[in-house]
Amino acid sequence: MSAATTTPAAQVSDSGPGIPFTRLVQVELRKMFNTRSGFWLMMSILIVAVIATLVVILFVPDSGITYATFGSAFGVPMALLLPIVAILCVTGEWSQRTGLVTFTLVPHRGSIIAAKAAAAVLVGVVSMALAFAIGAVGNVIGAAVNGLDPVWDASFKDLLLIVLANILGLLVGFMFGILFRNSAGAIVAYLVYAFVLPGLLGLLAALQDWFEKLQPWVDFNYAQTPLFDGGPSGEEWAQLGTSGLIWFVIPMAFGVWRVLRAEVK
Amino acid sequence: MITVQNLTKTYGPFRAVDDVSFVCQPGQVTGFLGPNGAGKSTTMRIMTGLTPATSGDVRIDGVHYRDIPNPGRQVGVLLDASAQHAGRTGREILMLSALTMGLPASRVDEMLELVSLTPAESKRRVKNYSLGMRQRLGIANALMGDPKVLILDEPANGLDPAGIHWMRGLLRHYADRGGTVLLSSHLLHEIEIIADEIIVIGQGRIVAQGTKADLLQSAGTYVTSVDNQRLADALRAAGQTPSGSGEGISVTVDPAEVGKIALAAGIALTELRPAGSAGLEEMFLQLTSDTQREAVAPTAGGAA
């Protein structure tokens with residue numbers, strides 16, 4: 001009850017140590033785990049990887065028990081879960097209004113956004129690494145159970161490219177979070193982008209010649225397919241760049257610009 | 001010291017804050033009083049860099065809020081106690097702030113003790129907190145960095161009378177040590193209990209400011225007599241504008257003046273005193289009556 005612990009002294013000043021970026025990343029990481037929903041969202045990534053691995057061991061025919069099969073089994077759930085992790089780490093500040101505290105403790109919103117992006121990417125990379133490890137264990141067990149030699153048909157480079165593809169998906173989710181600042185809106189936008197749009201654009205490409213040639217340059221999903229296919233060529237990297245500019249860099253820049261100017265209520 | 005200079009914030013044609021200037025001195029608790037929607041919260045959000053001002057300037061000891069490195073260590077802010085993630089525990093919320101500011105975990109326990117949240121309560125999720133508990137958590141959060149300036153929006157909202165009394169002691173002590181405190185409220189009695197200096201805001205404009213004593217003095221006189229009707233007539237004849245107030249009459253001049261008028265008219269007074277906080281209440285309602293959502297009911301038609 002006593003206020004003895006507070007001894008205000010001297011004046012407020014604009015000199016003195018600031019807040020290091022690593023500390024902000026640490027705080028943002030902690031925020032992703034310290035709510036019940038956040039914790040279980042993270043757990044679900046691991047649980048999904050384990051379930052996908054078990055399903056492969058139990059139901060895939062012997063000839064299919066290879067490391068690549070395990071990798072693709074948790075590919076889709078990861079493509080869904082990681083962007084949601086990224087979206088929620090952004091939108092929570094607005095939907096739960098925690099931004100009132102976050103942005104008064106750190107008035108430089110750009111730093112917070114960067115810290116959140118770093119934390120989300122970190123979580124994405126670690127999740128993918130864990131999933132690959134779980135898949136590797138599954139591959140060894142699956143082979144042993146079926147009396148086969150384990151087949152390692154994915155190189156380290158292949159794995160890196162798959163991680164990159166998932167991180168790109170995560171960043172698009174992050175971008176929608178920044179753009180909409182609303183969990184439901186951002187998640188729906190991401191689902192449309194990741195699961196509806198490819199079909200529509202594919203249809204358009206099938207019907208219109210001009211779009212078929214244009215598609216690799218403007219369709220970010222399409223441009224990512226080489227990442228799962230042994231690696232992009234020089235031209236395909238360029239296509240990743242142009243489509244990424246359209247689907248990530250430009251909307252992200254617009255979203256950040258708005259966040260920096262918007263009122264936090 | 002907080003210096004607000006010609007601060008204006010417009011939303012289209014609506015002027016939420018309209019040319020507001022005031023100063024909060026160190027060593028004092030400054031109360032920011034006004035009805036809902038008067039512009040208190042907007043002003044406080046501008047102070048802390050959450051809302052850009054349309055024009056004007058706010059400085060804290062000459063510094064803009066966003067230029068303060070690690071501001072939590074210098075300025076304690078509570079803008080809305082309910083703005084917390086419902087799924088986090090109280091302790092975890094303080095922990096995040098401590099981490100951001102670079103403070104040890106032991107500081108969290110000190111703060112919990114300071115605001116009388118028990119260890120068991122601090123491990124509960126905030127969705128299970130009462131408003132009073134959220135306010136205590138918010139105050140703990142604001143005080144954690146041992147700041148020199150406190151900016152608190154409606155901190156007494158939801159506190160029980162004992163809680164308000166506790167907060168008065170806490171802020172009093174803090175100001176006595178040289179801290180600057182600005183707190184807002186839409187309730188006169190809260191501000192009256194806690195603040196030294198009062199700023200009344202209505203419709204985005206400052207309508208009165210001064211020490212509590214100043215404002216009380218200008219609140220006029222309360223008088224009763226054996227014949228209120230005749231006294232009211234006499235006051236009116238003397239150029240005053242008496243109004244009915246309960247059993248008696250309120251006038252905006254000081255008691256000595258009322259006494260002289262009554263003596264001249266030969267009316268025996270039964271009670272004569274400064275209107276005090278009741279007068280302040282009336283003044284508050286009048287000053288902000290344009291901005292009230294409901295028109296203020298006249299206290300009584302003319303003299304009683």
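Throughout, a chain's letter reflects where its sequence line sits, starting with A, and its residues are numbered from 1.
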Rounding to 0.5 Å, atoms CG (Leu82(A)) and CG (Leu41(A)) come to a distance of 9.0 Å
Structural part of Val101(A) lying under 4.5 Å from a heavy atom of chain B
side chain
Any idea which of Leu24(A), Leu105(A), Thr102(A) has the most non-hydrogen atom pairs under 4.5 angstrom with chain B?
Leu105(A)
Under 3.5 Å, is there a donor-acceptor pair between the Ser21(B) and Gln5(B) side chains?
no
Between Phe103(A) and Trp94(A) (judged by ring centroids, cut-off 6.0 Å), do the two rings come close enough to count as a pair?
yes
Side-chain donor or acceptor of Thr48(B) paired with backbone N/O of Met44(B) under 3.5 Å:
yes
Please look at Arg261(A) and chain B and tell me whether the side chain, the backbone, both or neither of the residue comes under 4.5 angstrom of a heavy atom of that chain.
backbone
Between Arg124(B) and Glu121(B) (salt bridge meaning N to carboxylate O under 4.0 Å), is one present in this structure?
no
Output yes when a side-chain donor or acceptor of His85(B) lies under 3.5 Å from a complementary backbone atom of Gly87(B), and no otherwise.
yes
Taking the side chain from Lys40(B) and the backbone from Pro35(B), do they hold a donor-acceptor pair closer than 3.5 Å?
yes
Looking at Leu79(B), Asp80(B), Thr89(B), which one has more heavy-atom pairs under 4.5 Å with chain A than the rest?
Asp80(B)
With distance as the sole criterion, is a donor-acceptor pair present between the side chains of Thr51(B) and Glu263(A) under 3.5 Å?
yes
Among the options Asn34(A), Val106(A), Leu100(A), pick out the one with the most heavy-atom pairs lying under 4.5 Å from chain B.
Asn34(A)
Report the relative orientation of the aromatic rings in Tyr190(A) and Phe195(A); use parallel for angles under 30°, tilted for 30 to 60°, perpendicular for over 60°.
perpendicular
Where does Pro20(A) contact chain B at under 4.5 Å (heavy atoms): side chain, backbone, both or neither?
neither
Write out, in numerical order, the residues from residues 54-75 of chain B with a heavy atom short of 4.5 Å from a heavy atom in chain A.
Ile60(B), Asp61(B), Val63(B), Tyr65(B), Arg66(B), Asp67(B), Ile68(B), Pro69(B), Asn70(B), Pro71(B), Gly72(B), Gln74(B), Val75(B)
Winner by heavy-atom pair count (cut-off under 4.5 Å) against chain B, out of Ser15(A), Pro107(A), Ala262(A):
Pro107(A)
Can you tell me which portion of Glu93(A) sits under 4.5 Å from chain B's heavy atoms? Options are side chain, backbone, both or neither.
neither
Please classify the contact between Ser97(B) and chain A as side chain, backbone, both or neither, with a heavy-atom cut-off of under 4.5 Å.
both
Could you grab the distance from atom SG of Cys89(A) to atom CD1 of Ile84(A), nearest 0.5 Å is fine?
13.0 Å
Let me know if Met95(B) has heavy atoms under 4.5 Å from chain A in its side chain, its backbone, both or neither.
side chain
Pick one of side chain, backbone, both or neither for Arg36(A), based on which atoms fall under 4.5 Å of a heavy atom in chain B.
both
Counting only N and O atoms by type, is there a donor-acceptor contact under 3.5 Å from the side chain of Arg107(B) to the main-chain atoms of Ala98(B)?
no
If you tally heavy-atom pairs under 4.5 Å against chain A, which of Ile93(B), Thr42(B), Leu78(B), Thr100(B) wins?
Thr100(B)
Short side-chain to backbone donor-acceptor contact, Trp40(A) and Thr35(A), under 3.5 Å
no
Under 4.5 Å from a heavy atom of chain A, the part of Arg125(B) involved:
side chain
